[in-house]
Number of protein chains: 2
Amino acid sequence: MSAIEELVAELAKLPGIGRKTAQRLTFHLLKQPPEAADRLARAISDARARVRACGVCGALTDADPCAICADPRRDATVVCVVEESADVGAIERAGRFRGRYHVLGGRLSPLDGVGPEALRVDALLARLSGTSPVREVIIATNPSMEGEVTATLLQQLLRSTSVRVTRIARGLPMGGDLEYADGVTIAQALLARRDMSEAD
Amino acid sequence: MSAIEELVAELAKLPGIGRKTAQRLTFHLLKQPPEAADRLARAISDARARVRACGVCGALTDADPCAICADPRRDATVVCVVEESADVGAIERAGRFRGRYHVLGGRLSPLDGVGPEALRVDALLARLSGTSPVREVIIATNPSMEGEVTATLLQQLLRSTSVRVTRIARGLPMGGDLEYADGVTIAQALLARRDMSEAD
């Protein structure tokens, strides 16, 4: 295989990158000055070598504990449980959450053989029975079938503890259009309707 | 910047890769075994270090002359002129062309300051006046405004030579739907209509 075909093949292994996109990216990289391609290659190697899971929350980080777990200004009494590290970034960008996180590392998926033992559920329970008290666990698994099942499992496991368990709201996305929303989302939005005086 | 942010930033510089896709790719790479990320990093460095322009046709290659220019079974009397190296791959995949190529390295674009001198036009003329005779030049620049202007320039420059100059056909794409085709394409398809007895 030529060096070009090799690069196309490697890029095409990335999720959402088909053969045509891989070719376009390859020719783009080959037309750039060599430093640009080298910077990308180095960033990939560096990230893979330096990034590991935070020993506390499980998020991918190059400092252990991660910047959020190490930040004394973050409220350690509220823990937001998410499926993946990427979800931490999404919530951080929203800029409204000042607590800590717990990354499960996936979602329950019996069809794919992913049971509770494959997720960082034990680590969550250990965290809740640890020295620093947790008041509330916000379950922010995805609003998908598997995310809901995972949320239900967590709810059951946490029932015996004194911690408050909440679930992020599901409803119509901001900027969305009712006309194009799917039926399940509209049904959820109706079920979860709030009195307008409650809105913040 | 953390190693994660660094990788997201580098990936987001690629064409067609926004910040969200860059993040998705980053987390994908971080979840893979280290070898997978290293293979990609190495493929990028290798390709950039080893790939250069073919001295004959100008296509990106890691052998000079490239495999097509070096192949004695390819018909050297027919030269297909394309804008970019990637176009060579597209025509090769169609599997119907057995001649050689000439890569211009772009298209005329006065607004971007790209004139004939920035393209490999002189190299094409030199090739035509070289020792191996060329019968036909097929102009396969893109069916875009700039591609058409580039084709017209080549046609004018080649008028003084004895070589036959042809242009790839424009028309409705196979598998396309007349109802959804744009007006310019339909107009071209009508203009370029052929007697059905001519069809191969």
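These numbers come from the heavy atoms of this one structure, side chains and all, not from hydrogens, waters or symmetry mates. In the text below, chain A, chain B and the rest are named by the order of the sequence lines, each starting its count at 1.
Proximity to chain A (any heavy atom under 4.5 Å) is restricted, for B/L25, to the side chain, taken from C-beta onward. If you measure heavy-atom distances from A/A53 to chain B, you find no contacts under 4.5 Å at all. Looking at B/K13, the atoms closer than 4.5 Å to chain A (heavy atoms on both sides) sit in the backbone and in the side chain alike. Neither the backbone nor the side chain of B/T21 comes within less than 4.5 Å of any heavy atom in chain A. Using a 4.5 Å cut-off between heavy atoms, A/L11 contacts chain B through both its backbone and its side chain. For B/R39, the parts lying near chain A are the backbone and the side chain together; criterion is any non-hydrogen pair under 4.5 Å. Using a 4.5 Å cut-off between heavy atoms, B/A90 does not touch chain A at all.
Across B/R42, B/K20, B/E6, B/R93, the residue that shares the most heavy-atom pairs under 4.5 angstrom with chain A is B/R93. Between chain B and the options A/A67, A/A36, A/P34, heavy-atom pairs under 4.5 Å are most frequent for A/P34. When A/I17, A/T26, A/D46, A/V51 are compared by the number of non-hydrogen pairs under 4.5 Å with chain B, A/V51 comes out ahead. Looking only at heavy-atom pairs under 4.5 Å with chain B, the residue among A/L30, A/L29, A/L60 that has the most is A/L30.
B/L119 and B/L124 end up in the same hydrophobic cluster when Ile, Leu, Val, Met, Phe, Trp and Tyr side chains are linked at under 4.5 Å. Taken together through direct or relayed side-chain contacts under 4.5 Å among Ile, Leu, Val, Met, Phe, Trp and Tyr, B/V121 and B/V79 form part of one hydrophobic cluster. B/Y101 and B/L128 are members of different hydrophobic clusters when ILVMFWY side chains are connected at heavy-atom separations under 4.5 Å. A continuous path of hydrophobic side-chain contacts links A/L125 to A/L108 [ILVMFWY only; heavy atoms under 4.5 Å].
Here B/E148 pairs with B/R167 in a salt bridge; the nearest charged N to carboxylate O distance falls below 4.0 Å. A salt bridge does not link A/R50 with B/E5: none of the charged nitrogens is closer than 4.0 Å to a carboxylate oxygen.
Looking only at distances, no side-chain donor or acceptor of A/D87 sits under 3.5 Å from a matching main-chain atom of A/V82. Although no hydrogens or angles enter the test, the distance criterion places a donor-acceptor pair under 3.5 Å between the side chain of B/R100 and the main chain of B/D71. No donor-acceptor pair under 3.5 Å is formed between the side chain of A/R19 and the backbone N or O of A/A12.
Contact annotation: the side chain of B/C66 never approaches that of B/V56 to less than 4.5 Å [non-hydrogen atoms, C-beta and beyond].
The salt bridge (Lys or Arg N to Asp or Glu O under 4.0 Å) test applied to A/E84 returns A/R107, B/K31, not counting sequence neighbours.
For residues 129-146 of chain A, an interface with chain B (any heavy-atom pair closer than 4.5 Å) does not exist.
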